[in-house]
> 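To start, I am sharing the structure in question, which I have written as structure tokens.
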Amino acid sequence: MSAPLNPQAEAIATSRGPGFLRRLCRSRTAMLALGFIGLVILLAALAPFVAGHDPMVGGDDAMLPPLSPGHWLGTDDLGRDVWAQTVYGARVSLMVGLVTALFAVSIGVVVGGLAGYYGGWVDTVLMRVSEFFQTLPRFVLALIVIALFGSGLWKVIFVIAILSWPQTARLVRASVSSLRQQPFVDAARVGGMGDRALLLREILPNVAAPIIVTGSLDVAAAILLEAGLGFFGLGDPNHISWGSMLNEAQQYLRIAWWMSLFPGLAIALTVLSFNVLGDALNDALNPRSRVRS
Amino acid sequence: MWFVARRLLHAVPLLFCVVVLNFVLIAATPGDPVTILVGDFPAPPGYVEQVKREFGLDQPIYVQLMRYLGHVLTGDLGYSFANRQPVSTLILGRLAATLELTLTALLLASLLGIALGMLAARWRGSWLDSGVQGIASTGYSIPDFWLGQLLILVFSIWLGWLPSQGNMSVRGAPEGFAGFLDHLRYLLLPALALSFRYLALIARITRAAMLEVLSADFILAARSRGASETSVMITHALRNAAAPVITVIGYNLGFILAGSALIETVFGWPGIGRLLFDSISRRDYPVMMAILLMVSVTVVLANLATDILHRAIDPRVGDR
């Protein structure tokens, strides 16, 4: 197998190894983003210990501004502590973001892998289906499905995942169909490897890099979408979420700016961190593609 | 010509699938379909009977689907009992406000996005470039409805410069040019909030496309002939970078329309998005389904138009 690798395969080959981690660590913004994500995960995990108040139970002190004694981010219209709500809201956002991305990436890998590996009519059918899903206006459709079928954390996750996989599928398909023609795949096939083993053991590990990148971006998109649903009053009513906090804040903008500022900041910084991390991963995995698109 | 015909043929099954999806959602919703078509309102029994007959709910499912397709094709989107109006009348009445908001946002996003992307590419690696990339990352991450709330907080509540709700003065707008200016004051904040995400996207794509073109040999050739910087950037580079930029604008047209639902809710803008919000809170199903259909169809048509335009601008584009 002395045939020269094509440039794309070479780029994929260089994406492994210690160079990748070193390049990632050299990016200060990536480390900052990673640190913030770690902080949010920690706060969400330790919510009962760091919140200080029950986020669902109000008190007599409604509409306290930030830096009030006992309520450093203030309280909302029902006297609930904004810090406690924000900390507990992180649980919903992270859960929706991470689980949705996991589902979306799984579907995308299966669909894209099958389409890219088998080609032909399998490819045509699967790509038409993913094109259809890509055409659907995600936000409006998610809104209406939740409005019709009722809300709930798992329903929200399911709906967002069903609407988010096509991008990964297209990406995986493109990589798989170009890898399929590589000499090392031929070698494995000549060696008697079956289709399934070829796809799982030889091809997919080489597609891992772009999958991780889209996964990170999927988390960000899912958190944003969930916040939008919450703002429309369609979040899970049993959990505090950042979107539903902003929904409540809308009526009290004139008197309680803090009800809007803190949950919004939480969404923006978390989503920004996942987006920055995705970009940095992309740069670190493909050192030559500095021009981002 | 063949290309246009093929794209059209391609769009028809997509449109069909969109309508079928709409129908399936209605059919699969738990509960009595009559409730869904009429809404959660105490409807007179006569009206329920009429709806049952009209929608052929006693017929087999494929006959129902055909009937639904027929209704959609003739522009009959049902009746909103909550508003006591046909859905199509209701939507048409709100269309102008939404189009005004979304098109203004798209225009803002395109002009500013292209300008910022070009500047960043021209002075690559400078503080200007970092600034534009910062704006791009922020715009892509910030929830647009929260940006709307922040704009209201700063410009309406703290500074008191601009109105925060509605699209005209409740005391009646002034006549003529003064009225136009007054209207712009209402339009500015929601359009800014809606445009920011797309501004970021367009700036990013423009920067990447310009960087690719600027490294081409013909740019070097133009520079060596002594072409001015403006001429190089605009007539040589931008023209060749236009295709991906126009594609991203076109593909996002439908998403801006969908995104206006949140912005209209924040700013009390009397458009289709606000109507969607109200319909969801009143469980006014016919209106919700009609809006979903309208937005989906707009996305399909906008993508179709973008593909055709892309091909016209850049004949090198092959069939995908």
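All chains are named by letter (A, B, ...) in the order of the sequence lines, taking the proteins before the strands, and each is independently numbered beginning at 1. Heavy-atom basis, side chains included; hydrogens, waters and symmetry copies ignored.
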> Using non-hydrogen atoms only, which part of Leu269(A) is less than 4.5 Å away from chain B: side chain, backbone, both, or neither?
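For Leu269(A), neither part sits under 4.5 Å from chain B.
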> Taking every non-hydrogen pair under 4.5 Å, which of Leu25(B), Leu257(B), Asn22(B) racks up the most with chain A?
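Among the listed options, the one with the most contacts to chain A is Leu25(B).
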> Please walk me through it: do Arg80(A) and Glu248(A) pass salt bridge (Lys or Arg N to Asp or Glu O under 4.0 Å)?
CA-CA 12 Å; Arg80(A) 296 175 298 188; Glu248(A) 217 142 304; 2.6 Å; yes
> For Ala220(A), which atoms come within 4.5 Å of any heavy atom of chain B: side chain, backbone, both, or neither?
neither
> Please identify, among Ile152(B), Asp144(B), Leu153(B), the residue contributing the most non-hydrogen atom pairs under 4.5 Å to chain A.
Leu153(B)
> Under 4.5 Å, counting heavy-atom pairs only, tell me which of Leu147(B), Val266(B), Thr138(B) racks up the most with chain A.
Val266(B)
> Quick check on Phe255(B) against chain A: is it the side chain, the backbone, both or neither that has a heavy atom closer than 4.5 Å?
side chain
> Side chain, backbone, both or neither: which part of Ile223(A) has a non-hydrogen atom closer than 4.5 Å to chain B?
neither
> Of the backbone (N, CA, C, O) and the side chain (C-beta and beyond), which part of Gln134(A) lies under 4.5 Å from a heavy atom of chain B, both, or neither?
backbone
> Counting heavy-atom pairs closer than 4.5 Å to chain B, which one of Ser260(A), Gly228(A), Ala147(A) comes out on top?
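Between Ser260(A), Gly228(A), Ala147(A), the count favours Ser260(A).
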> Determine the interplanar angle of the Phe232(A) and Phe277(B) rings, folded into 0 to 90°, and report it as parallel if under 30°, tilted if 30 to 60°, perpendicular if over 60°.
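Answer is perpendicular, since the angle exceeds 60°.
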> Taking Val295(B), Ile280(B), Leu262(B) one by one, which has the highest count of heavy-atom pairs under 4.5 Å against chain A?
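Answer, by heavy-atom pair count under 4.5 Å with chain A: Leu262(B).
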> Please say whether more than 12 non-hydrogen atoms of neighbouring residues, nucleotides or ligands are located less than 6.0 Å from CZ in Phe158(A).
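No, not enclosed.
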> Counting only non-hydrogen atoms closer than 4.5 Å, does Ile142(B) touch chain A with its backbone (N, CA, C, O), its side chain (CB onward), both, or neither?
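Both backbone and side chain.
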> Might you confirm whether atom OH of Tyr140(B) has over 12 heavy atoms from other residues, nucleotides or ligands at distances under 6.0 Å?
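For Tyr140(B), atom OH is not crowded (no more than 12 foreign heavy atoms under 6.0 Å).
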> At their closest point, which heavy atom of Ala203(B) faces which heavy atom of Leu116(B), and how far apart are they?
CB-CB, 4.3 Å
> Angle between ring planes, Trp158(B) versus Trp257(A), binned at 30° and 60°: parallel, tilted or perpendicular?
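If you compare the ring of Trp158(B) with that of Trp257(A), the planes turn out perpendicular.
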